[in-house]
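The analysis underlying the following values was restricted to heavy atoms, covering all of them including side chains, and did not include hydrogens, waters or symmetry mates. All chains are named by letter (A, B, ...) in the order of the sequence lines, taking the proteins before the strands, and each is independently numbered beginning at 1. Since the structure is predicted, the reported quantities are computational estimates derived from the model, not experimental observations.
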Number of protein chains: 2
Amino acid sequence: MKNLNIHIQVKPELYLKNPDTTDLGRNIVSSSIALISDLGFEAFTFKKLGEIIKSPESSIYRYFESKHTLLVYLTSWYWTWIEYRLVFAAANVESAVQRLKESIKILTRQIAEDLSLGEIDVRLLEKIIITESAKTYLTKLVDKENEKGYFAAYKQVVKRVTEIVTEINPKYEYPHMLITTIIEGAHHQHYFAEHLPSLTNTFKNKEDIISEFYIHLVFKTIEE
Amino acid sequence: MKNLNIHIQVKPELYLKNPDTTDLGRNIVSSSIALISDLGFEAFTFKKLGEIIKSPESSIYRYFESKHTLLVYLTSWYWTWIEYRLVFAAANVESAVQRLKESIKILTRQIAEDLSLGEIDVRLLEKIIITESAKTYLTKLVDKENEKGYFAAYKQVVKRVTEIVTEINPKYEYPHMLITTIIEGAHHQHYFAEHLPSLTNTFKNKEDIISEFYIHLVFKTIEE
DNA sequence: CAAAAATAATAGTAAAACTATCACATATGC
DNA sequence: GCATATGTGATAGTTTTACTATTATTTTTG
């Protein structure tokens, strides 16, 4: 398992007490990732999590308002990490085409190796993002939560990549639609590949087929 | 409100007793559409529905195993209806390009007019599909439910449209990825336009912008 | 070392998601 | 036309979820 020493900071709106500052907090976050990816978000409860970390539910509630905000926290952590990777991948790369290509790979490809930042198992987290992240905004509370900035990290990622698209073709009118289409699309393809294979095309044992599909799609779509 | 006299049949796996055969059953279905689009799926319960239709919860449970299978039923109804529209739109159209164009419109455009089939308000149902339908398969039970054929109607729609893609360009290798990408993508764009506008491009007051975006994307992507 | 902060232990609540039972009404088949 | 099957209503009960509240104990820190 590879370890990196960067530190991801999540907006204070997403927690009651910063879980990053205590052992219990970090344990809540890392164990919740394991438990959510094991049980799925619906069957996941703070009570079950409490049993695993040997703390009462009420202690978990001091960090997170609800299991929903915990999911928003995890999602936000993920997008902040993705943004870091986007910035890193773009550094010193002159060609916008090359930067876009690398960005699409980051947005659409699953992490291959075990990777852990702090106590966060990024690979497991990515599994959660694929299956559960849309549930953060597909709720009756979207508008309120959006006002509170719950989705800022995601928006920032989208913005950053759309800017590369615009750099390549300033006349292309729908960069946001395009980028959100491929982000959510890639999540779906990864999910379908595992659970509903007839909805995707993974007949070849070729790796990164999803990434290649989206790279092709994006460059064809934005060309003049 | 426009009424049409076609009849949509849903697979028996999706209900305990066919709601289509009794007044109570039809009332459960039509009122659930209104209530789900009002409360959102999470806050929707059989108890609340029972109060509206003035029947006890237990009577609703005679038709549907759970609120989850009711959602699967509604989704399946919707895709069966979409397939009917696809077949109808393709009838007597020689050009595959034209058939694909019309199919993409059907898959990506929201219904403009009020429309009711039997007691089903199709416009409200479409609102539910946009927000809630992904929740039918983003669960721990996907694999089991897939085996039972819960997602057959959706798969059939995807298959039908991919065949047109292949007719136009037999060498194109990823028709399923492409079609599911635009179906789910369009749902997202409609949702974002209403709730997270910075994730989309609806700055113009132009209608059918989402459809046009996807038509352009598809034809660019599949061209040789 | 005292005060403040964090955590544990325990209890309690309202609602959700069912399951069960029995009475009554209605439709159907012979 | 009557017995039987089927459908619906009324009511009650269970387990679990998603919290909230209170008090005691431990740990941190200034």
Side-chain angles (χ1 to χ4, degrees), chain A residues 12 14-32 35-36 38-74 119 132 135-136 138-141 144-145 150, chain B residues 12 14-32 35-36 38-74 119 132 135-136 138-141 144-145 150:
Chain A
L14 297 175
Y15 48 76
L16 298 171
K17 177 192 302 205
N18 192 344
D20 214 40
T21 58
T22 65
D23 282 350
L24 178 61
R26 285 183 290 270
N27 202 200
I28 288 171
V29 172
S30 64
S31 299
S32 73
L35 196 56
I36 292 171
D38 185 25
L39 301 177
F41 187 65
E42 280 70 36
F44 166 84
T45 70
F46 279 2
K47 196 172 184 205
K48 290 172 189 166
L49 178 58
E51 276 156 28
I52 286 171
I53 64 174
K54 287 177 173 113
S55 283
E57 287 183 86
S58 50
S59 293
I60 303 168
Y61 277 105
R62 287 207 199 82
Y63 288 87
F64 296 102
E65 212 175 286
S66 63
K67 73 170 184 171
H68 176 250
T69 45
L70 169 58
L71 183 62
V72 179
Y73 176 94
L74 294 177
E119 13 270 309
E132 320 288 359
K135 297 172 188 170
T136 59
L138 294 175
T139 71
K140 268 283 143 172
L141 296 168
K144 268 189 193 167
E145 296 190 342
Y150 279 28
Chain B
L14 297 175
Y15 50 76
L16 297 173
K17 176 193 301 209
N18 192 343
D20 215 39
T21 57
T22 63
D23 281 351
L24 178 61
R26 285 184 291 270
N27 201 201
I28 287 170
V29 171
S30 63
S31 300
S32 73
L35 195 57
I36 292 171
D38 184 27
L39 301 177
F41 186 66
E42 279 69 34
F44 166 83
T45 70
F46 278 0
K47 197 173 184 201
K48 291 171 189 165
L49 178 58
E51 278 156 27
I52 286 172
I53 64 173
K54 289 179 170 109
S55 283
E57 286 183 270
S58 50
S59 293
I60 303 168
Y61 277 105
R62 287 204 197 87
Y63 287 86
F64 295 102
E65 210 175 289
S66 63
K67 71 170 185 171
H68 175 252
T69 44
L70 169 58
L71 183 63
V72 179
Y73 176 94
L74 295 177
E119 12 270 311
E132 320 289 0
K135 297 171 188 169
T136 58
L138 294 175
T139 71
K140 267 284 142 172
L141 296 168
K144 268 188 194 169
E145 297 191 340
Y150 280 28

Notebook entry, point to check: Which residues satisfy the side-chain contact (heavy atoms from CB on, under 4.5 Å) test with Lys135(B), sequence neighbours excluded?
Noted result: Leu138(A), Glu42(B), Leu71(B), Glu132(B)

Check: For Tyr150(B), which residues count as a ring-ring contact (aromatic ring centres under 6.0 Å, His included) partner, sequence neighbours excluded?
Finding: none

Check: Who passes side-chain contact (heavy atoms from CB on, under 4.5 Å) against Lys47(A), sequence neighbours left out?
Finding: Thr45(A), Glu51(A), Glu57(A)

Check: Distance check: side-chain N/O of Lys17(B) vs OP1/OP2 of dT8(D), anything under 4.0 Å?
Finding: yes

Item checked: Pairwise 5' ranking along DNA chain D for Ala43(A) and Ser59(B), keeping only the more 5' one -> Ser59(B)

Next item on the list: Answer yes or no: is there a donor N or O on one side and an acceptor on the other, between the side chain of Lys140(B) and the main chain of Asp38(A), under 3.5 Å?
Entry: yes

Item checked: Sequence-distant partners of Ser66(B), side chain to side chain donor-acceptor pair (under 3.5 Å), two or more places apart -> Thr69(B)

Next item on the list: Remember a base hit wins even if backbone is also touched, and classify Tyr63(B) as base, sugar-phosphate or nothing at under 4.0 Å, heavy atoms.
Entry: sugar-phosphate

Notebook entry, point to check: In whole angstrom, what separates Asp23(B)'s CG from dT8(D)'s P?
Noted result: 9 Å

Note to self: Does Lys47(B) reach a base, just sugar-phosphate, or nothing at all? Heavy atoms under 4.0 Å.
What the structure shows: nothing

Next item on the list: Could you pull out all residues at least two apart from Leu16(A) that satisfy side-chain contact (heavy atoms from CB on, under 4.5 Å)?
Entry: Glu65(A)

Next item on the list: Give the angle between the helix axes at the two ends of the helix from dC1(C)-dG30(D) to dC30(C)-dG1(D), taking five base pairs at each end and rounding to 10°.
Entry: 20°

Notebook entry, point to check: Which two nucleotides bound the region of DNA chain C that has atoms under 4.0 Å from heavy atoms of chain A, read 5' to 3'?
Noted result: dA6(C) to dT10(C)

Note to self: Could you work out, with side-chain contact (heavy atoms from CB on, under 4.5 Å) as the rule, every residue matching Ile53(B), not counting sequence neighbours?
What the structure shows: Leu24(B), Asn27(B), Ile28(B), Ser31(B), Leu49(B), Ser55(B), Ile60(B)

Notebook entry, point to check: With distance as the sole test, does Lys67(B) use its side chain to make a donor-acceptor pair with the main-chain N or O of Phe44(B) at under 3.5 Å?
Noted result: yes

Next item on the list: Quick one: list whatever passes ring-ring contact (aromatic ring centres under 6.0 Å, His included) with Tyr61(A), sequence neighbours left out.
Entry: Phe46(A)

Item checked: Validation row: Pro19(B), Tyr73(B) side chains within 4.5 angstrom (heavy atoms) -> yes

Item checked: Residue pairs passing the side-chain hydrogen bond (donor to acceptor under 3.5 Å, both in side chains) test where at least one lies in residues 16-25 of chain A, sequence neighbours excluded -> His7(A)-Asp20(A), Tyr15(A)-Asn18(A), Thr22(A)-Tyr63(A), Asp23(A)-Arg26(A)

Next item on the list: Output yes when at least one side-chain N/O atom of Lys54(B) is less than 4.0 Å from OP1 or OP2 of dT8(D), else no.
Entry: no

Every protein N/O within reach of nucleotides 18-23 of chain D N/O, cut-off under 3.5 Å:
| unit_1 | atom_1 | unit_2 | atom_2 | d |
| --- | --- | --- | --- | --- |
| dA18(D) | OP1 | Lys67(A) | NZ | 3.4 |
| dC19(D) | N4 | Glu57(A) | OE2 | 2.9 |

